Amino acid sequence: MAPKVTSTYKLKKKQQLLLAAREVFLSKGYTNATIQDIIDIAGVSRGTIYNYFKNIDHAFVEVLYNDDQYLLPNIQIDSRKSVWQQLTFWIEQLVDIHTNQPSLVQARSEFFLSSNYVNNKEHFSYIIKKRYEVMVEGIKHTIQQGKDAGQLNPVTDGDTIAHYLISFMDGMILNTDLLGSQVTSMEKQIDFFLESLKTLLCPIVQTPQK
């Protein structure tokens with residue numbers, strides 16, 4: 001009788017495979033990556049890999065989704081840092097992760113330009129849309145936290161601001177990866193973006209209680 005595989009074991013194994021897959025996509029991009037590459041890095045059998053990923057496309061989307069879980073803002077309401085301070089720190093971290101550390105921007109670009117995606121958009125649209133919606137909801141939740149805590153007084157709804165934030169960040173990160181930070185004037189653009197975001201969110205300066 002085969003040993004029972006627990007949910008904890010499955011979760012740990014999937015994380016191991018996701019790390020291996022990410023390493024492959026970082027080094028080879030999306031176009032040149034294969035399931036065999038992931039098998040070689042992870043040191044598992046072909047049967048094991050297909051228990052978690054249907055194909056290389058599925059593996060790539062799962063890696064993107066896993067990355068997003070770590071990139072969502074994690075804002076805590078406390079007296080040390082305001083919601084606005086934490087939000088701007090998160091944006092700066094996001095820029096650093098994508099520009100000064102190995103990122104999947106190149107692989108993402110290759111994926112969205114690939115024939116697999118272009119010819120099968122209906123299949124991928126739900127997954128990609130879900131990723132986008134998760135990011136939107138995370139940012140909306142952060143804005144709502146700030147409103148509830150009396151720390152933000154946005155001039156428009158959180159949904160609109162969340163879409164604006166994601167559109168700017170995605171465009172800036174992609175262009176900087178392709179062209180370099182000097183061409184895109186990344187530092188100046190981020191400074192200008194944060195000023196515009198400040199105008200939209202209207203952070204409230206609270207006087208410390210004595």
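Sequential numbering from 1 along the given sequence is applied to the chain's residues. Values in this document were obtained by computation on a predicted structure and should not be read as measured data. Hydrogens, waters and symmetry mates play no part in the numbers below; they use all other heavy atoms, side chains included.
To the nearest 0.5 angstrom, Asp159 atom CG is 15.5 Å from Tyr164 atom OH. The distance from the SG atom of Cys202 to the CH2 atom of Trp84 is 10.0 Å, given to the nearest 0.5 Å. Atom CD1 of Ile41 sits about 11.0 Å away from atom CD of Gln36, to the nearest 0.5 Å. Here CZ of Arg22 is found 11.5 Å from OG of Ser27. Values are rounded to the nearest 0.5 Å. Put simply, OG1 on Thr176 and CE on Met186 are 5.5 Å apart, with the number rounded to the nearest 0.5 Å. The line from CD1 of Ile161 to CD1 of Ile143 is 4.5 Å long, rounded to the nearest 0.5 Å.
Smallest separation of non-hydrogen atoms from Ala42 and Ala20: CB-CB, 3.7 Å. Here the shortest heavy-atom pairing between Phe111 and Asp57 reads CE1-OD1, 4.3 Å. Shortest non-hydrogen contact noted between Arg46 and Ile39 is CA-CD1, 3.7 Å. Residues Tyr30 and Phe25 approach most closely at CA-CD2, 4.1 Å, considering heavy atoms. Smallest separation of non-hydrogen atoms from Ile56 and Thr34: CD1-C, 3.5 Å. Taking each heavy atom of Asp37 and Lys28 in turn, the nearest pair found is OD2-NZ, 3.1 Å.
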Under the side-chain contact (heavy atoms from CB on, under 4.5 Å) criterion, do Phe193 and Met172 qualify, and how do the steps go?
-> CA-CA 10 Å; Phe193 170 69; Met172 173 55 62; over 6 Å; no
Applying side-chain hydrogen bond (donor to acceptor under 3.5 Å, both in side chains), run through Asn66 and Glu62 and close with a yes or a no.
-> CA-CA 6 Å; Asn66 189 63; Glu62 285 285 337; over 6 Å; no
Apply the test side-chain contact (heavy atoms from CB on, under 4.5 Å) to residues Ile204 and Leu152: give CA-CA distance (whole Å), side-chain angles for both, the deciding distance (0.1 Å), then the verdict.
-> CA-CA 6 Å; Ile204 300 168; Leu152 298 177; over 6 Å; no
Determine, step by step, whether Ile91 and Leu165 satisfy the side-chain contact (heavy atoms from CB on, under 4.5 Å) criterion, reporting the C-alpha distance in whole Å, the side-chain angles of both residues, the deciding distance to 0.1 Å, and the verdict.
-> CA-CA 9 Å; Ile91 292 172; Leu165 192 157; 4.2 Å; yes
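Side-chain atoms of Ser196 and Thr199 include no donor-acceptor pair closer than 3.5 Å. Between the side chains of Gln16 and Lys13, at least one donor-acceptor pair of N or O atoms lies under 3.5 Å. Checked by atom type, the side-chain pair Asp157/Thr160 shows a donor-acceptor distance below 3.5 Å. Checked by atom type, the side-chain pair Tyr50/His58 shows no donor-acceptor distance below 3.5 Å.
With a 4.5 Å cut-off on side-chain heavy atoms, Leu194 and Glu92 count as touching. Between Thr184 and Gln189 there is no side-chain heavy-atom pair separated by less than 4.5 Å. Proximity of Gln144 to Lys147: side-chain heavy atoms (C-beta onward) are separated by under 4.5 Å at one or more points.
Residues Phe168 and His163 place their aromatic rings such that the two centres sit no closer than 6.0 Å.
By the rule that hydrophobic residues join a cluster once side-chain heavy atoms approach within less than 4.5 Å of another member, Leu19 and Phe53 end up as members of separate clusters. Each of Leu11 and Ile38 belongs to its own hydrophobic cluster when Ile, Leu, Val, Met, Phe, Trp and Tyr are linked at side-chain heavy-atom distances under 4.5 angstrom.
Taking the centre and axis of the six-membered ring of Phe89, the NZ or CZ atom of Lys81 falls inside the cone set by 45° and 6.0 Å.
A donor-acceptor pair is defined here as one N or O able to donate and one able to accept, closer than 3.5 Å; such a pair exists between the side chain of Glu110 and the backbone of Thr31. In terms of modelled atom types and a separation under 3.5 Å, the side chain of Thr142 and the main chain of Gly138 share a donor-acceptor contact. Counting only distance, with no hydrogens or angles, the side chain of Ser45 and the backbone of Thr48 share a donor-acceptor pair below 3.5 Å. At least one donor-acceptor pair closer than 3.5 Å links the side chain of Gln151 to the backbone N or O of Val83.
Lys140 has a carboxylate O that lies under 4.0 Å from a charged side-chain N of Glu137, or vice versa, which qualifies the two as a salt bridge.
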